Asker: 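Input: one structure, supplied below.
This structure is a prediction, so every number in the text was calculated from the model and none was measured.
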Amino acid sequence: MIISRLALAVALSAGLVAPTAFADPPPPQTEAKLLTRARERPADQAANPEHAQRHALVAPGLAQLLHPDREEDPRREAEVDPFLAGWAPARGAELDVSITNRYGARLHAHLSMPKTRAGRLPAIILLTGGAGSEHTYREMAHGLAEAGYLVLGLNVQGDNGSQEKPADPNPKTPQNEYCEPGAWQKPQEAGVRETGECAGVPTEPDITAEELRSLALRDDFQPSVAYYDAVKARKFFGALDGVRWLLSADNPWRNRVDGKRIGIAGHSLGAHGALLAANADPARRFRAAVTFDGFGRLAPTGLPSVPTLFQHQDLSDLPHLVNTDQLPGNQDAAEFAAARVPTGVVHLAGSTHQEWSYVPPGFSAGFAASRDGKRVALHYAVAWFDLWLKPGTQADARRRLTAPTFSGSTDGSSRGEGPWDPATQRTVSPRIGGETTREHLSPLFRSWIAAPGARCADLRAGC
């Protein structure tokens, strides 16, 4: 059922929420404009001689980027936007670290923090999508760091750059006990079980990525939800192992972490892991979460408990629109609001599943994204985390969450890919300061916020 903006405002103020799709389909020209916008980033790459030059010597294939067994492959550096080179020490500090998880597997991770040299900082764990690498999320990590956060970009077990198989707990025996029936198969935190043939290695559902994408066109999204639920243990346990390490003496920057102010974010399958970790961690170590285009549901792993902001594409990379009332993030946000747990949904305009990550040239035409999506995503992510993790910034964070015009508060960290300006012979980094939510939020699906002091039934229309 679709209700009016006034009715939705009443529902929000009461702690309830209605479906977030608009009642009337958009005119064809609107969809056409969004589809064009959703392909700006690869178009910029193709027309930018500086971008091509920086990547001229590296041409990794898609299979290499997504395959999880390239632990020591130096070509994974190609997954980092070349315009981010030199971020440290000029704009912040960063450090590659190794983390040992609960099964003895060695995980690659990356720490980033601002240039400030004193005091403890709120911290954010950033999870990758699928089996991807934290390298592709460096622009988001750097943006969060420049906003005042210590960021742990984490490759969980099986992600690119981390070990796929668990370590052998007893090398004297001929078998790896973590690949034999044992205690590792019993329920762990929140009752979640390992389902694969080895600890930390999930059983992949019998469905290809192409079949999953096709099934995702169904109105109910249930194939995607089922897929996420089947493989959730890897990201969920990885996030819990990551926060344990972050607060331990093994973290060389432990003395910079404020253990009472920790947030978590993630993309795609990592969004599902972030959602579960924040709201189902028995130790309750997380105070806020932001998910980037996840397609899993919180139940049955946990219940709404931690302020969680759901960010989504507007599905303009799919051949036709689906019933967004059933979009998992919208359904969960409705349940959070009904439970009076602060939440909201932000749909980026002309966006695809790749808005939050970097895709190198060579195959980016198949992984299109808009030019400004990461700026918009970072704006709302920083404002959401500031609201819950920085006690002195709540009033300003509420304004940034609900303002009809972007303040440009995160534009200073924009150093990533952008269009080539022939006049100046320079790459123009995207910025959104002074531009409106009407320009950058989807006209297809409703974006809204329901948090104390920050309630808005329609962010695009204005509050």
Asker: Give the intermediate values and the outcome of side-chain contact (heavy atoms from CB on, under 4.5 Å) for residues E139 and L84.
Answerer: CA-CA 7 Å; E139 186 176 355; L84 302 182; 3.9 Å; yes
Asker: From S407 OG over to R399 CZ, what is the distance, rounded to the nearest 0.5 angstrom?
Answerer: 10.0 Å
Asker: Is a side-chain N or O of Q311 found less than 3.5 angstrom from the main chain of T291, in a donor-acceptor match?
Answerer: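 No; zero donor-acceptor contacts below 3.5 Å.
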Asker: Any heavy-atom pair between the side chains of N176 and P169 that's under 4.5 Å?
Answerer: yes
Asker: Charged N to carboxylate O below 4.0 Å: is that the case for D458 and R446?
Answerer: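 Here D458 pairs with R446 in a salt bridge, since their nearest N and O are under 4.0 Å apart.
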Asker: Is any side-chain heavy atom of L401 closer than 4.5 Å to a side-chain heavy atom of R455?
Answerer: no
Asker: Looking at Y149, does the NZ or CZ of K390 lie under 6.0 angstrom from its six-membered ring centre and within 45 degrees of the ring axis?
Answerer: yes
Asker: Is the gap between the ring centers of F83 and H51 under 6.0 Å?
Answerer: yes
Asker: Donor-acceptor pair, distance only, cut-off 3.5 Å: does the side chain of N155 make one with the backbone of E134?
Answerer: yes
Asker: Would you say that more than 12 heavy atoms from the other residues, nucleotides or ligands in this model lie under 6.0 Å from the CZ of R426, or not?
Answerer: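 Not buried by this count: 12 neighbours or fewer within 6.0 Å.
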Asker: Name the residue from E355, R39, E40 that meets the side-chain hydrogen bond (donor to acceptor under 3.5 Å, both in side chains) definition with S370.
Answerer: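 Exactly one option meets the side-chain hydrogen bond (donor to acceptor under 3.5 Å, both in side chains) with S370, and it is E355.
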Asker: Please check: side-chain N/O of T393 versus main-chain N/O of D386, any donor-acceptor pairing under 3.5 Å?
Answerer: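 Side chain of T393 to backbone of D386: a pair is present.
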Asker: Under 3.5 Å, is there a donor-acceptor pair between the E177 and W184 side chains?
Answerer: no
Asker: Hey, is the main chain of V257 close enough, under 3.5 Å, to the side chain of R254 for a donor-acceptor pair?
Answerer: yes
Asker: Taking atom CZ of R284 as the centre, does the number of heavy atoms from other residues, nucleotides or ligands within less than 6.0 Å exceed 12?
Answerer: no
Asker: Decide whether Q188 and R193 meet the rule of one side-chain donor and one side-chain acceptor closer than 3.5 Å.
Answerer: no
Asker: Could you check F445, F295, F292, Y380 and say which one makes a ring pair (Phe, Tyr, Trp, His ring centres under 6.0 Å) with H312?
Answerer: F295
Asker: For a ring pair (Phe, Tyr, Trp, His ring centres under 6.0 Å) with H272, tell me which candidate from F236, Y228, Y227 qualifies.
Answerer: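 Considering F236, Y228, Y227, a ring pair (Phe, Tyr, Trp, His ring centres under 6.0 Å) with H272 is found only for Y228.
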Asker: Hydrogens and angles aside, do S268 and H353 bring a side-chain donor and acceptor to less than 3.5 Å of each other?
Answerer: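 Yes, H353 and S268 have a side-chain donor paired with an acceptor closer than 3.5 Å.
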Asker: So how far is it from D81 CG to S357 OG, rounded to the nearest 0.5 Å?
Answerer: 11.0 Å
Asker: Does some side-chain heavy atom of S305 sit less than 4.5 Å from a side-chain heavy atom of V341?
Answerer: no
Asker: So F237 and V192, do their side chains get closer than 4.5 Å, heavy atoms only?
Answerer: yes
Asker: Quick one: do K232 and D229 make a salt bridge, cutoff under 4.0 Å?
Answerer: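 Answer for the salt bridge query: yes.
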Asker: Counting N and O atoms only, with roles assigned by atom type, does the side chain of N279 sit under 3.5 Å from a partner on the main chain of L275, one being a donor and the other an acceptor?
Answerer: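 At least one qualifying donor-acceptor pair exists.
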Asker: For S133 and N160, which I'm curious about, is there any donor-acceptor pair between the side chains at under 3.5 Å?
Answerer: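 No, N160 and S133 have no side-chain donor paired with an acceptor closer than 3.5 Å.
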Asker: Minimum heavy-atom separation for Q313 to W356, with atom names?
Answerer: N-CH2, 3.6 Å
Asker: Taking the six-membered ring of Y358 (Phe, Tyr or Trp), confirm whether the NZ or CZ of R138 is under 6.0 Å from its centre and within 45° of its axis.
Answerer: no
Asker: Do T128 and D159 pair up side chain to side chain, a donor and an acceptor below 3.5 Å, judged on atom types alone?
Answerer: yes
Asker: So which heavy atom on F286 is nearest to which on I125, and how close?
Answerer: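 Smallest heavy-atom distance, with atoms named: CE2-CD1, 4.1 Å.
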Asker: Any donor and acceptor pair, going by atom type alone, linking the side chain of D281 with main-chain N or O of R285 inside 3.5 Å?
Answerer: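 Confirmed, D281 side chain pairs with R285 backbone.
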Asker: Quick one: do the E146 and W87 side chains pair a donor with an acceptor below 3.5 Å?
Answerer: yes
Asker: What distance separates L459 CG from H347 NE2, expressed to the nearest 0.5 Å?
Answerer: 10.5 Å
Asker: Do you know the tightest heavy-atom contact between W448 and A450?
Answerer: CZ3-CB, 3.8 Å
Asker: When rounded to the nearest 0.5 angstrom, what is the spacing between CG in L154 and CD1 in I99?
Answerer: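 The CD1 atom of I99 is 5.5 Å from CG of L154, to the nearest 0.5 Å.
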Asker: Does some side-chain heavy atom of L111 sit less than 4.5 Å from a side-chain heavy atom of E94?
Answerer: no
Asker: May I ask you to decide if G158's main-chain N or O and S162's side chain share a donor-acceptor pair within less than 3.5 Å?
Answerer: no
Asker: Would you please classify the geometry between the F310 ring and the F336 ring as parallel, tilted or perpendicular, with 30° and 60° separating the classes?
Answerer: perpendicular
Asker: If you define the side chain from C-beta out and look only at heavy atoms, does anything of Q157 sit under 4.5 Å from P166?
Answerer: yes
Asker: Give the C-alpha distance, both sets of side-chain angles, the deciding distance and a yes or no for side-chain contact (heavy atoms from CB on, under 4.5 Å) between H440 and L348.
Answerer: CA-CA 6 Å; H440 290 285; L348 311 182; over 6 Å; no
Asker: Is R234 paired with E194 through a side-chain N to carboxylate O contact shorter than 4.0 Å?
Answerer: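 Looking at R234 together with E194, the answer is no, because their closest N to O distance does not fall below 4.0 Å.
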Asker: Is atom CG of L303 surrounded by more than 12 heavy atoms (other residues, nucleotides or ligands) closer than 6.0 Å?
Answerer: no
Asker: Measuring from atom CG of D258 to atom CG of L150, what distance do you get when rounded to the nearest 0.5 angstrom?
Answerer: 11.0 Å
Asker: So which heavy atom on V151 is nearest to which on A141, and how close?
Answerer: CG2-O, 3.7 Å
Asker: When rounded to the nearest 0.5 angstrom, what distance separates CD1 in I262 from CZ in R287?
Answerer: 10.0 Å
Asker: Using only atom types and a distance under 3.5 Å, with no angle test, would you say the side chain of D314 pairs donor to acceptor with the backbone of L444?
Answerer: no
Asker: Please report the shortest heavy-atom distance between S414 and P430, naming the atom on each side.
Answerer: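 Distance-wise, the nearest heavy atoms are OG-O, 2.5 Å.
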Asker: At their closest point, which heavy atom of G148 faces which heavy atom of P114, and how far apart are they?
Answerer: CA-CG, 4.0 Å
Asker: Without hydrogens or angle criteria, can the side chains of R375 and S413 be said to hold a donor-acceptor pair below 3.5 Å?
Answerer: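 There is such a pair between these side chains.
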Asker: Kindly determine whether V97 and N251 satisfy side-chain contact (heavy atoms from CB on, under 4.5 Å), including the steps that lead there.
Answerer: CA-CA 8 Å; V97 294; N251 176 5; 5.8 Å; no
Asker: When you measure from the side chain of R431 to the backbone N and O of S429, does any donor-acceptor pair fall under 3.5 Å?
Answerer: yes
Asker: If we count only N and O atoms by modelled type, under 3.5 Å, do the side chains of Q354 and R41 hold a donor and an acceptor together?
Answerer: no
Asker: Would a distance-only check, ignoring hydrogens and angles, find a side-chain to backbone donor-acceptor pair under 3.5 Å from R256 to G119?
Answerer: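 Between the backbone of G119 and the side chain of R256 there is a qualifying donor-acceptor contact (under 3.5 Å).
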Asker: Quick check: do S351 and S442 have side-chain heavy atoms less than 4.5 Å from each other?
Answerer: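 Counting from C-beta outward, S351 and S442 never come under 4.5 Å.
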Asker: Under 4.5 Å between any side-chain heavy atoms of L144 and L378, yes or no?
Answerer: yes
Asker: Please test N101 against V156 for side-chain contact (heavy atoms from CB on, under 4.5 Å), starting from the C-alpha separation and ending with a verdict.
Answerer: CA-CA 8 Å; N101 77 352; V156 307; over 6 Å; no
Asker: Heavy-atom count check: over 12 atoms from other residues, nucleotides or ligands less than 6.0 Å from E197 CD?
Answerer: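 It does not: E197 CD has 12 such atoms or fewer within range.
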